[in-house]
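Let me begin by presenting the structure, written as structure tokens, before commenting on it.
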There are 2 protein chains.
Amino acid sequence: MNKVSKTTVTSAVLEEFMRILIEGHVKPGDKIPTEQELVQMLGVGRSSVREVLSALELIGIIDRRVGDGTYISDNLNCKAFSLILTVVAQNTPVLFEARKVIEVGLAALAAEKATPADLQKLEGYIVQMKEHLDEQQTFIQIDLDFHLYIAEITGNVFLRNMMFPLTTFLNAWREKSARSKAAREMAIACHTNILEKFKAKDAVGASAAMFDHLQQIQEFFIKESDCENPLAQ
Amino acid sequence: MNKVSKTTVTSAVLEEFMRILIEGHVKPGDKIPTEQELVQMLGVGRSSVREVLSALELIGIIDRRVGDGTYISDNLNCKAFSLILTVVAQNTPVLFEARKVIEVGLAALAAEKATPADLQKLEGYIVQMKEHLDEQQTFIQIDLDFHLYIAEITGNVFLRNMMFPLTTFLNAWREKSARSKAAREMAIACHTNILEKFKAKDAVGASAAMFDHLQQIQEFFIKESDCENPLAQ
DNA sequence: TAATAGCTGATTGTCTGACAAATAACCGTA
DNA sequence: TACGGTTATTTGTCAGACAATCAGCTATTA
């Protein structure tokens with residue numbers, strides 16, 4: 001006796017599928033039943049099964065290989081965020097704000113968790129930035145790596161996978177407009193500042209430093225590029 | 001000359017579709033071409049089109065109505081987060097950490113943006129919590145509303161839609177294990193504390209207060225429920 | 001024995017056609 | 001004008017067919 005059951009077959013399949021996923025305690029990398037098996041298990045047509053599977057694949061929950069089978073993806077949920085970002089993309093200020101909120105929190109968390117090896121790695125990025133101060137393209141890439149590695153330090157898969165497309169997306173956007181050398185030097189200073197707080201295991205200080213950094217990026221961004229108005233959505 | 005171009009029709013359709021979406025400057029609520037039109041526009045089979053549309057619907061980017069047509073969803077991207085959460089669900093500690101990071105940042109942002117009307121509304125929630133101190137179910141709901149309203153205050157669609165399933169999910173989880181009256185009284189104290197910082201427009205203080213609050217929830221959560229080990233993913 | 005080449009069955013990718021179900025728009029009647 | 005019914009459109013679902021790809025097995029060969 002299932003509720004009102006005014007749902008479509010597809011969404012029913014999805015729910016059932018998710019239930020199996022959870023109750024089956026599947027891990028990333030696990031193989032899941034074939035389409036034919038699912039068709040029989042769920043008593044629906046292949047198209048319905050495939051539509052659900054396609055959706056899950058497009059958002060990065062599963063991986064499908066012709067001639068082999070279907071597996072739980074082992075780097076979950078990065079794609080879905082990218083997709084969503086593409087749609088919300090027209091509203092850059094909102095994304096910037098989101099990045100600020102998330103990354104400031106990440107900095108605090110990472111400051112607590114950073115190991116000596118992590119600190120060394122971050123230091124390495126800063127050195128590289130100084131070396132490539134005049135090559136904008138390379139510089140931006142290293143800048144990006146620095147930020148992503150901070151997410152990496154937290155060890156939180158969910159946050160890292162959310163941060164990744166967000167930062168990448170905004171950076172790609174930023175690449176369009178050339179950044180002044182002054183802006184690049186300021187970035188190095190900010191990163192150094194953040195690293196100092198990390199070394200001192202100062203979570204509050206680290207988040208404050210990150211906040212300042214992003215604030216400056218945002219101001220430069222708005223100043224140096226023609227930023228259209230956010231859509232009212 | 002496209003790279004190796006070993007892409008499937010489906011993903012090509014997705015890309016093309018997203019391109020149309022962006023370049024067409026569609027707004028939420030807009031009607032998009034019918035399946036038949038897309039079939040002709042893209043020169044592919046209906047199944048391929050449908051698989052992409054199903055995926056987009058599943059993650060909440062579009063809405064489809066039988067006999068009517070397909071529209072850009074007007075409350076974007078809430079579903080996708082829920083889906084992902086369901087998959088990562090087995091790893092509750094990771095979600096808690098994510099919530100802490102995001103909500104601490106949200107509190108700072110909301111503290112700056114809160115209007116007098118917002119403050120009054122938050123105050124109202126606290127009053128209600130006191131009134132329903134002994135009704136756990138109702139209490140938890142109001143507690144939840146308080147947190148969600150803070151996300152609302154920031155006016156950031158992206159953050160709000162991310163927060164919503166995250167908070168709801170963790171709260172639902174929490175409902176399973178009864179919370180002591182002491183825990184509920186502490187929640188009221190924390191909320192009051194947060195509100196005070198909001199009134200003072202003290203962003204740093206607000207985020208600190210929110211951090212303490214979530215920290216306590218987490219400790220109570222771990223203490224009062226049997227929390228299995230996080231999966232190594 | 002070990003390595004390689006080829007075969008085979010299984011699995012996903014794609015298309016087509018068909019029908020059901022629901023809805024918006026139109027039309028005629030009161 | 002308001003109401004009820006018809007119709008064309010659109011999405012939902014199924015079934016069947018074939019192509020493309022791959023893992024695993026088998027037989028051949030050095």
Side-chain angles (χ1 to χ4, degrees), chain A residues 2-18 20-21 24 26 28-74 79 83, chain B residues 2-18 20-21 24 26 28-74 79 83:
Chain A
N2 291 333
K3 306 201 173 177
V4 189
S5 186
K6 172 58 203 70
T7 69
T8 63
V9 170
T10 310
S11 62
V13 168
L14 177 69
E15 278 180 32
E16 186 63 14
F17 184 80
M18 290 309 249
I20 293 176
L21 271 200
V26 290
D30 283 0
K31 192 168 185 174
I32 66 174
T34 67
E35 294 179 357
Q36 273 306 326
E37 286 169 339
L38 287 172
V39 164
Q40 292 175 345
M41 285 169 60
L42 305 174
V44 298
R46 191 180 164 211
S47 349
S48 303
V49 169
R50 277 192 62 80
E51 286 187 8
V52 170
L53 291 182
S54 298
L56 292 177
E57 181 178 36
L58 282 179
I59 70 181
I61 290 185
I62 61 176
D63 276 327
R64 295 197 282 183
R65 298 189 211 116
V66 179
D68 187 359
T70 305
Y71 300 82
I72 304 288
S73 174
D74 35 39
K79 279 195 211 164
L83 268 186
Chain B
N2 291 333
K3 309 203 172 178
V4 189
S5 185
K6 171 61 204 66
T7 69
T8 63
V9 170
T10 311
S11 62
V13 169
L14 178 69
E15 276 178 34
E16 184 63 14
F17 184 80
M18 291 308 254
I20 293 176
L21 271 200
V26 290
D30 282 0
K31 192 169 186 173
I32 66 175
T34 67
E35 294 179 358
Q36 273 307 326
E37 285 168 340
L38 287 172
V39 164
Q40 293 175 347
M41 286 169 61
L42 305 175
V44 297
R46 192 180 163 211
S47 8
S48 302
V49 169
R50 278 191 61 80
E51 287 186 7
V52 170
L53 291 181
S54 296
L56 293 177
E57 180 177 37
L58 219 50
I59 70 180
I61 289 184
I62 60 176
D63 277 326
R64 296 197 281 182
R65 294 198 275 274
V66 179
D68 187 359
T70 304
Y71 300 82
I72 303 289
S73 174
D74 36 37
K79 277 196 214 165
L83 264 188

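Labels below follow one simple rule: chain letters A, B, ... track the order of the sequence lines, proteins then strands, and each chain is numbered from 1.
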> Which whole-number value in Å describes the distance from B:R64 CZ to D:dG12 C1'?
Replying inline: 8 Å
> Is the shortest heavy-atom distance from the side chain of B:L56 to the side chain of B:L14 under 4.5 Å?
Replying inline: yes
> What is the distance from CD of A:E35 to C1' of D:dC14, rounded to the nearest Å?
Replying inline: 15 Å
> Does a nitrogen or oxygen in the side chain of A:S48 sit under 4.0 Å from OP1 or OP2 of D:dC14?
Replying inline: yes
> Nearest nucleotide by nearest heavy atom, which residue falls closer to the 5' end of DNA chain D, A:D68 or A:V39?
Replying inline: A:V39
> Roughly, in whole Å, what's the span from CG in B:L42 to P in C:dG13?
Replying inline: 19 Å
> Taking the nucleotide of DNA chain C with the closest heavy atom to each, which residue, A:T70 or B:G67, is nearer the 5' end?
Replying inline: A:T70
>> Let's see if you can work this out: which of D:dT11, D:dC22, C:dT23 has an atom nearest to the side-chain heavy atoms of B:R50?
In response: D:dT11
>> Counting the atoms with a prime plus P, OP1 and OP2 as sugar-phosphate, which does A:T34 contact under 4.0 Å by heavy atoms, base, sugar-phosphate, or nothing?
In response: sugar-phosphate
>> How close do B:I62 and B:L53 get, counting heavy atoms only, and between which atoms?
In response: CD1-O, 3.4 Å
> Looking at CD of A:E57 and CD of B:E51, how far apart are the two atoms once the value is rounded to the nearest 0.5 Å?
Replying inline: 9.0 Å
>> Counting distance alone, no hydrogens or angles: does the base of C:dG13 have a donor or acceptor under 3.5 Å from a partner atom on the side chain of A:R46?
In response: yes
>> Just verifying a value: how many Å separate A:I61 CD1 and A:T70 OG1, rounded to the nearest 0.5 Å?
In response: 13.5 Å
> In whole angstroms, how far is the C1' atom of D:dG24 from the NZ atom of A:K31?
Replying inline: 11 Å
>> Quick one, A:R50 and B:R50 - any side-chain contact, counting heavy atoms below 4.5 Å?
In response: no
> Rounded to the nearest Å, what distance is computed from the CG atom of residue A:L38 to the C1' atom of nucleotide C:dT11?
Replying inline: 12 Å
> Choosing from D:dT13, C:dT12, C:dT14, which nucleotide comes nearest the side chain of A:T10?
Replying inline: D:dT13
>> Measuring to OP1 and OP2 of D:dT10, would you say a side-chain N or O of B:R65 lies under 4.0 angstrom away?
In response: no
>> I need the OH-C1' distance between B:Y71 and D:dT11, as an integer number of Å.
In response: 12 Å
>> In whole Å, I'd like the distance from the CG atom of B:L56 to the C1' atom of D:dT11.
In response: 15 Å
> Whole-Å distance between D:dT10 C1' and B:Q40 CD?
Replying inline: 14 Å
